[in-house]
Amino acid sequence: MTADLLDDLNEPQRRAVVHEGTPLLVVAGAGSGKTRVLTRRIAYLLSNRNVSPGEILAITFTNKAAGEMKERVADMVGPRARVMWVSTFHSACVRILRAEAQRLGLKSNFTIYDTQDSVRLMTLIAKDHNIDIKAYSAKYLLSSVSNLKNELIDHETAVSRANTPQEEIVAEVYGEYQRRLMRASAVDFDDLIGHTVALLQAFPDVAEYYHRKFRHVLVDEYQDTNHAQYMLVRELVGAGKDGVSPAELCVVGDSDQSIYAFRGANIRNIVEFERDYPNATTVVLEQNYRSTQNILSSANAVIEKNANRPKKKLWTAEGDGPKVTIYTAADEHHESDYIVRTIDDLIDNNEYAFKDFAIIYRTNNQSRSIEEVFIRKGIPYKVVGGTRFYERKEIRDALAYLRAVANPADDVSVRRILNVPRRGIGDKAEEAVEMFARRERITFSEALNRIPEIHALATRSATALTEFNTMINHLRTMDDSGAGPSEILMKAMETSGYLKELSASRDPQDEVRVENIAELENVTREFEEQFPAENEDERPATLSDFLERVSLVADSDEIPTDDAHGGVVTLMTLHTAKGLEFPVVFVTGMEDGVFPHQRALGSASELEEERRLAYVGMTRAMQRLFLTRASARSTWGQPNYNPESRFLAEIPDEFVERHGEETKALGLSGSNFDRPQKRDIQVMVLNIGDRVLHDKFGMGTVIATAGHNDSAEATIDFKSAGQKRLLLRYAPVEKL
DNA sequence: CGTGGACACGTTTTT
DNA sequence: CGTGTCCACG
């Protein structure tokens, strides 16, 4: 057994698998066999170190990663892998919180709000508190609150620490937001982590229980943890103060692939691991089994430009391979044409099938021009990401019905569907119910049960509300008497008239919506079928069970798998591509302002994150890597002339081959544009780095330029007023 | 109460 | 350019 598990590992991998006794950090470069080490280590614990599956907690960020890990371990050690906790941060926390909810004043059937629910709630709060929504959008307020939660700062602390008017407003809505969540017996994604940390800190007996239970804690993608997740790991591992020795901790990650700082991920957690856990051991995996040396050397060259990163250099035993291709196209259409031509050529030579190709870009809107050409040329493709199944309006409406049924305290869901489809309940009626509920200190749903007492209601509104309430109550009765999610879903869609309204519509979009509802019904049925098998208690799947599953599963757009007809080309963002690999990869839009993104240009730390993103993108490629750019790219109808991405210049010539039509940085001469050159009035020419004086904003520095003549724009960083994008034709700026 | 047109805005997003 | 939101009107 031991031989089997260790046989095909290289030396550092083997060390990571067998390491014993002290905290372990595995620094795993791209393609270095990270998942293999993690799964082998778990298998090794089970078969060679006499650890029982129930003592293992393995944490990932995605359900997919968790599922794969569990499956791979089960392949090695058999079905007893089932009792292991291999789950996402969020599912692990839900499991703990459900068991201990009452200690935090929550009902154990609490609802989990997703981002959209939270935005809705925050919008309501902003309105109630007369907050200027123009200056403080619900999104801004929410992300501020989320940042605080990621740092484990509660609303009381936020209030006491608030120094600026902004911080005061955020602290105020934060408190109200938490009160409303609590009243609705709901938590948001951040709370799942934060509440669990609070639980473990406030209740030593609960902490001790988990310390005794989990003797091994493994964390994947450690570079993506935020402070709250970092603390959660610390609390779960324990410090031995309760007489239980700390669990053996193993974290795996790569600081060069940290690309979620904007969501609160803190690269510090992995960089400072040895400081956090003083007796820690570090194993570095640098041998890459995925890419050719030319691809790795190029990626290394780019990432090395980041300051203060732990040194690490990927290498491969597989040989140089072809050089990386850098292609410059005249515009984004030519860029797409080039991609299609190249794909065709490679397929004609029988080297590759469609499924071997991935097109990766910085922002979702870049897929459009590529899709257009793909459709025209008949290239089969799939866009991964974008609007996901569970984010579609109709799916969210349907789920709101189910949530309103399962958790009557869930005001946000009840109010979402109150007038969907239209049933004559307007803002005024809703407000009257809301006022009544607040006066009586009851939930919105409870208020609906007392409509006759609400005198502010017009008769017509009262009738509509009563009818709505009767329908919802009927659905709740079904739920109480054990009807399954699929049955309740279909009943809700029928009695509410939701399906009817969609079916009656001539809008082709609504036809798709009907199909999506049908697909959701499929999901409920599949869930009902698999549920008893997965759980030891024989209880059939309830609506709440279903909703919990759904709330923690974001995606349904899967990465296309192998397919009889050569599959399809995959299109996705750089972020989505992390963790994947393809024989041939195109990274498109290699232009300053596109990638690195415009908004990162002014900040050193954001530029470093962009560079890590470039590293992630390039290291997805196994055999061929193409970096493409367009001299001109139309954004919102206006052509932009972005300079070549700075990342391209960072790759030494020896690893690359350049092709395409080079266009002069300024002016259109020498390019093969069809469009006649316009003769425009000369406006001021600004270059990056120029200092300017603006009538209103004062002194500033040019950090980016775009367009020419009439349409010339400059992004200028003004010290006090922040960054502004100005049309130079009008802007009252003066070059210094 | 419902709707059309003006208007503002526009990264990345594992849960 | 495309989408989502807000207000004035029917």
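Bear in mind that the values here come from a model prediction, so they are computed numbers and not experimental data.
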Grab the N/O contacts between the protein and nucleotides 3-7 of chain B below 3.5 Å, and write none if there aren't any.
{"unit_1": "dT3(B)", "atom_1": "OP2", "unit_2": "Arg422(A)", "atom_2": "NH1", "d": "3.1"}

Checklist entry - Atom CG in Leu574(A), atom CD in Gln366(A): separation rounded to 0.5 Å? => result 8.5 Å
Applying a 4.0 Å non-hydrogen cut-off, can you work out what [X] is touching in the nucleic acid: base, sugar-phosphate, or nothing?
| X | value |
| --- | --- |
| Asp114(A) | nothing |
| Glu606(A) | base |
| Glu610(A) | base |
| Asn419(A) | sugar-phosphate |
| Phe89(A) | nothing |

Next on the checklist: Under 5.5 Å centre to centre and under 30° between planes: does that hold for Phe262(A) and the six-membered base ring of dT12(B)?
Outcome noted: yes
For [X] and [N], what is the distance between atoms [atom1] and [atom2] respectively, to the nearest whole Å?
| X | N | atom1 | atom2 | result |
| --- | --- | --- | --- | --- |
| Glu548(A) | dT15(B) | CD | P | 14 Å |
| Tyr140(A) | dC9(B) | OH | P | 16 Å |
| Ile259(A) | dT13(B) | CD1 | P | 9 Å |
| Leu574(A) | dT13(B) | CG | P | 9 Å |
| Leu232(A) | dT15(B) | CG | C1' | 14 Å |
| Arg263(A) | dT15(B) | CZ | P | 9 Å |
| Arg611(A) | dT12(B) | CZ | C1' | 17 Å |
| Leu97(A) | dT15(B) | CG | P | 18 Å |

Next on the checklist: Heavy-atom nearest nucleotide on DNA chain B for Thr88(A) versus His575(A): which residue maps closer to 5'?
Outcome noted: His575(A)
Checklist entry - If you pin Lys428(A) and His597(A) to their nearest nucleotides in DNA chain B, which one's is more 5'? => result Lys428(A)
Would you please name every residue forming a side-chain contact (heavy atoms from CB on, under 4.5 Å) with [X], sequence neighbours left out?
| X | value |
| --- | --- |
| Asn516(A) | Phe389(A), Arg392(A), Glu394(A), Ile395(A), Val512(A) |
| Arg368(A) | Glu372(A) |
| Val420(A) | Asp397(A), Tyr498(A) |
| Glu581(A) | Arg290(A), Met622(A) |

Checklist entry - Is the number of heavy atoms from other residues, nucleotides or ligands within 6.0 Å of NZ (Lys139(A)) greater than 12? => result no
Next on the checklist: So for atom CD, which belongs to Gln116(A), do other residues, nucleotides or ligands contribute more than 12 heavy atoms lying within a distance under 6.0 Å?
Outcome noted: yes
Checklist outcome for this item: Across all chains, not counting sequence neighbours, the ring-ring contact (aromatic ring centres under 6.0 Å, His included) partners of Phe595(A) are Phe647(A)
Next on the checklist: Under the rule for ring-ring contact (aromatic ring centres under 6.0 Å, His included), what residues qualify as partners of His575(A), not counting sequence neighbours?
Outcome noted: Tyr260(A), Phe262(A)
Between the protein and nucleotides 1-7 of chain C, list every N/O to N/O distance that falls short of 3.5 Å.
{"unit_1": "dG2(C)", "atom_1": "OP1", "unit_2": "Arg368(A)", "atom_2": "NH1", "d": "3.4"}

Next on the checklist: Does dT15(B) have OP1 or OP2 under 4.0 Å away from a side-chain N or O of Ser91(A)?
Outcome noted: no
Checklist entry - Taking OP1 and OP2 of dG10(B), is either one under 4.0 Å from a side-chain nitrogen or oxygen of Asn364(A)? => result no
Checklist entry - salt bridge (Lys or Arg N to Asp or Glu O under 4.0 Å) with Arg633(A): which residues, sequence neighbours excluded? => result Glu335(A), Glu591(A)
Checklist entry - Taking atom types as they are modelled, is there a donor-acceptor pair under 3.5 Å from the base of dT11(B) to the side chain of Arg362(A)? => result no
Checklist outcome for this item: chi for dT11(B) classified (syn = within 90 degrees of 0, anti otherwise) as syn
